[in-house]
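Here the structure is laid out as C-alpha cells; the discussion comes afterwards.
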Amino acid sequence: MSRGKFFLTTAIDYPNSRPHIGTAFEKIGADVQARYRRQQGYDVRLLMGNDENTIKVVERAEALGLEPKPYVDDMARQFREVWDALEISYDDFIQTSEERHRIGCQQFIQRVYDAGDIYKKNYEALYCEGCEEFKTESQLNAERRCPNHPQRDLKLVQEENYFFRLSKYGPRLLEHYAAHPEFIQPESRRNEIVSLVKSGLEDISISRRDFTWGIDIPWDAEHKIYVWFDALLNYITGIGYGTDPALFARYWPADVHFIGKDITRFHCALWPAMLWSAGVELPRQVFAHGFVYLKNETTDEVQKISKSLGNVIEPLDIVRKFSSDAFRYYFMRECPFGGDGEFSFTRFAGSYNGDLANNLGNLFSRTVSMALRYFEGQLAGSQSIAPEEIFAGIDLPAVVAEIAGEIEDCRYAAALELIWRQVLDTGNRYIEEQKPWLLASPGKPEYDLEACRRVMVNLAEGVRVAAILVKPFLPDAAAKLYAGFNYPTPFAEATFATAARRPVLTEDLRVTAPLTDDGKVTPLFPKIDLKAEPAAGKK
RNA sequence: GGGCCCGUAGCUCAGUCGGUUAGAGCAGGGGACUCAUAAUCCCUUGGUCCCAGGUUCGAGUCCUGGCGGGCCUACCA
C-alpha cells in the first residue's frame, strides 16, 4: 500500500558545541513530517548528520588532545544521544568524515570539473577562521576584524584556489524559481533569494590549500574541498551517491530539505547549480525554518541562544524532566515552523498544563476511569454500537483532511490547533452533554446503563481518533492513548484515512490501559506544579 | 545604500479573492457540574487592526508616505 517514496533531510550540524533547543526545533519539524508520511504509507527516509570537515574541528580536537576523527565520532555520539531522546526517527546519520562521503564527494566534484565548471584562480583576501569565510573590506568592523568574531585576527591569505562557475547559473535559477514556486518555502525566503540572484551571483571558491583535514580534490591532492561544496553533498552521499546506486535511485531527489533560514542561499542557489553541473536532478523543495529565541522572564527581553550569553538550554534537561512529547509539543504548537519562535518556561508550562495535561491527558483519564468504574472496563455489546454521536457536530473526514493538509504544508501549529479545537474539545464537550455519571447512577431519573454504555463506546472512539491524529507529534502519548482500549487495527496501520472511519470490531471493546496499583489510570502528562518549580522560571 | 518580513484583545497568534457585527487559545469576571490530573462545560469583560493620506459603493486586507521591530545583502569570495 506504499504511496511512493519520501526523502527528507535536515541540515548537518557543526560538532563544535552540543545541540541546543534551536537545533532541536529543526529536527522535530522534520521528524513530524517523516512520521506523518510513514503513517500514511510512504517509503520514508529521514537523513541527518554532522558537518565535520572544518578547521574548527581540528582546533577543538587539538585543544582536547585528540585526533580529529575520535573527536568528531564522540560528538556524533552526543548528538545522536539527544536526537534519540527527542525520538527523532532518522533512518541514517552521516558524518562527513566517513569514507562513503569522501567517495561520493570526489566523484561528484570530478563530474563538475569535467563539465568545465571549475577553474583555478589566484587571489588574496582576508580570511576569518571563525566563519571559515573570506571577508570583504566592507564587511569588517572598525578594528578591521570580523563582526562575528571580533576577538580573532583575520588572516591575510594568498593562494591559488579552485572556483565553481556559479555566476553562469543565475538565469537558469531564476527560471527554476518561477517555474517551481514551491521550491523555496516559505514565501518570504523565496523573495529574498530571487532578489539575491537577480542582483547577480559571483563564482565561488570551493577549495583550500594546506589543510590537513578534509577531502582531497581528486585531480590535485594539494587542495581540500571547501566547506559548503563538501557539506551540501551529504544529501546525496548519505543515500549512496557513488557507493550505493540502488539506494540513491530509490530516494533521490529529495522531497524536502529542512534548513535554517540563515543558510537559504547555499541551498537555493549554490546547491541547484552544483546539481545541474553534475547532471543530477534537483530536490523538490527547500524549507527554511525560523529561529528559536529565549524570552527572559524577568526582563521580558528576547535573546539569541548563545554560549557567550550563557543561556543555552540543554534539550535533555527538559526531556528528562517532562518527556520528549512535551518538548516536541511546545515547539510545534507555540513556534510557527516557517517563522521565528520563542521559549520561556512560563509558556512551556502553560502549554503543557493546558493542552497536554488538561485537554488531552484528562480526556483520556476520565474516559478510561468511567469505563472502569461503570463497566469494570468491559464494554459488552460494543460491536453492535455505532459511535456516531461523538463527532456528530463536526465533519470529521473534512477536519482530518484539513489537518493532513496543514501538516503537508509544514504548518504544524495550525494542525495542532485544529486537533485540539475540533477533535479534543468536541470529546470533552460530548461528556458534559451526555453526563454519563447520571446515566450510571441507579438513584437518578436519568439512570440508563445502556445509554451509558453507548456513551463510553463513543468516547473510546474519540480516543482512537485522537491517538491517530497526534501520532506524528506525540509518538509516546499516541501509543498510550491507542493502548487504552483493544482497538482491532494495529497502530502501525492506523493511517489518517482510518481516523475518520471506525474499523469493524472483531470483539467488544475493553480497557487495556495499564493501571496503577490502586486501579487508577496513569496520567499521560502529570501536571507541572508551578509553585514547585522556582528555579526553572528564572533560567 | 538595496531588498524581504512583521505591527490585530493584557499575552501568544489566526484573519483566504477587498464584502455582514474583526476571531481563537491563554489570562480576567460570572455560573454549572463532580467521571477526571482543582480537570471539564456554559456565559462574559476586553480592539484607535501602528500613524497619516489615497483608491473603492465598501479597506485589518490594495496603493503612497511615515513610525517601530526583525532579518537578508552590500562595488571579486
Under a 4.0 Å heavy-atom criterion, the protein footprint on nucleotides 9-17 of chain B, written with B, S and -, is ---S-----

5' to 3', nucleotides 26-37 of chain B under a 4.0 Å protein heavy-atom cut-off (B base, S sugar-phosphate only, - none) gives -------SSBBB

Does Glu450(A) pair with Arg453(A) as a salt bridge, N-O distance under 4.0 Å?
yes

Please tabulate the protein-to-nucleotide N/O contacts below 3.5 Å involving nucleotides 3-6 of chain B, giving atom names and distances.
{"from": "G3(B)", "atom 1": "O2'", "to": "Ser195(A)", "atom 2": "OG", "distance (Å)": "3.3"}
{"from": "C4(B)", "atom 1": "O3'", "to": "Asn191(A)", "atom 2": "ND2", "distance (Å)": "3.4"}
{"from": "C4(B)", "atom 1": "O2'", "to": "Ser188(A)", "atom 2": "O", "distance (Å)": "3.3"}
{"from": "C5(B)", "atom 1": "OP1", "to": "Asn191(A)", "atom 2": "ND2", "distance (Å)": "3.4"}

Result block: side-chain N/O donor-acceptor pairs under 3.5 angstrom for residues 457-466 of chain A, not counting sequence neighbours:
{"from": "Asn458(A)", "atom 1": "OD1", "to": "Glu389(A)", "atom 2": "N", "distance (Å)": "3.1"}
{"from": "Asn458(A)", "atom 1": "OD1", "to": "Ile390(A)", "atom 2": "N", "distance (Å)": "3.0"}
{"from": "Asn458(A)", "atom 1": "ND2", "to": "Tyr430(A)", "atom 2": "OH", "distance (Å)": "3.4"}
{"from": "Asn458(A)", "atom 1": "ND2", "to": "Arg454(A)", "atom 2": "O", "distance (Å)": "2.9"}
{"from": "Glu461(A)", "atom 1": "OE1", "to": "Arg464(A)", "atom 2": "NE", "distance (Å)": "3.0"}
{"from": "Glu461(A)", "atom 1": "OE2", "to": "Arg464(A)", "atom 2": "NH2", "distance (Å)": "2.9"}
{"from": "Arg464(A)", "atom 1": "NH1", "to": "Thr498(A)", "atom 2": "O", "distance (Å)": "3.0"}
{"from": "Arg464(A)", "atom 1": "NH2", "to": "Thr498(A)", "atom 2": "O", "distance (Å)": "3.2"}
{"from": "Arg464(A)", "atom 1": "NH2", "to": "Ala499(A)", "atom 2": "O", "distance (Å)": "3.2"}
{"from": "Arg464(A)", "atom 1": "NH2", "to": "Arg501(A)", "atom 2": "O", "distance (Å)": "3.3"}

Let me have the donor-acceptor pairs involving side chains of residues 470-485 of chain A, under 3.5 Å, with sequence neighbours excluded, atom names and distances please.
{"from": "Lys471(A)", "atom 1": "NZ", "to": "Phe491(A)", "atom 2": "O", "distance (Å)": "3.3"}
{"from": "Tyr482(A)", "atom 1": "OH", "to": "Thr489(A)", "atom 2": "O", "distance (Å)": "2.7"}

If the condition is ring pair (Phe, Tyr, Trp, His ring centres under 6.0 Å), which residues does Phe108(A) pass it with, not counting sequence neighbours?
Tyr241(A)

Not counting sequence neighbours, list each pair that qualifies as a side chain to side chain donor-acceptor pair (under 3.5 Å) and has a residue in residues 432-443 of chain A.
Arg366(A)-Glu432(A)

Can you give me every donor-acceptor pair (side chain of residues 329-337 of chain A, partner residue at least two apart or in another chain, under 3.5 Å) with its distance?
{"from": "Tyr329(A)", "atom 1": "OH", "to": "Asp355(A)", "atom 2": "OD2", "distance (Å)": "2.7"}
{"from": "Tyr330(A)", "atom 1": "OH", "to": "Glu342(A)", "atom 2": "O", "distance (Å)": "2.7"}
{"from": "Glu334(A)", "atom 1": "OE1", "to": "Arg347(A)", "atom 2": "NH2", "distance (Å)": "2.8"}

Taking atom P in both G19(B) and C26(B), compute the distance separating them and give it to the nearest angstrom.
28 Å

Rounded C1' spacing from U48(B) to G31(B) in Å
33 Å

Please table the atom pairs, donor to acceptor, closer than 3.5 Å between any side-chain atom in residues 403-412 of chain A and protein atoms at least two apart or in another chain.
{"from": "Glu406(A)", "atom 1": "OE1", "to": "Arg411(A)", "atom 2": "NE", "distance (Å)": "2.7"}
{"from": "Glu408(A)", "atom 1": "OE2", "to": "Tyr36(A)", "atom 2": "OH", "distance (Å)": "2.5"}
{"from": "Tyr412(A)", "atom 1": "OH", "to": "Gly29(A)", "atom 2": "O", "distance (Å)": "2.8"}
{"from": "Tyr412(A)", "atom 1": "OH", "to": "Gln33(A)", "atom 2": "NE2", "distance (Å)": "3.1"}

Return the set of residues passing ring pair (Phe, Tyr, Trp, His ring centres under 6.0 Å) with Trp276(A) (not counting sequence neighbours), or none when no residue passes.
His176(A)

Results of ring pair (Phe, Tyr, Trp, His ring centres under 6.0 Å) for Tyr447(A) - residues two or more places apart only:
none

With sequence neighbours excluded, what pairs up with Asp340(A) under the side-chain contact (heavy atoms from CB on, under 4.5 Å) test?
Lys261(A), Phe291(A), Tyr293(A)

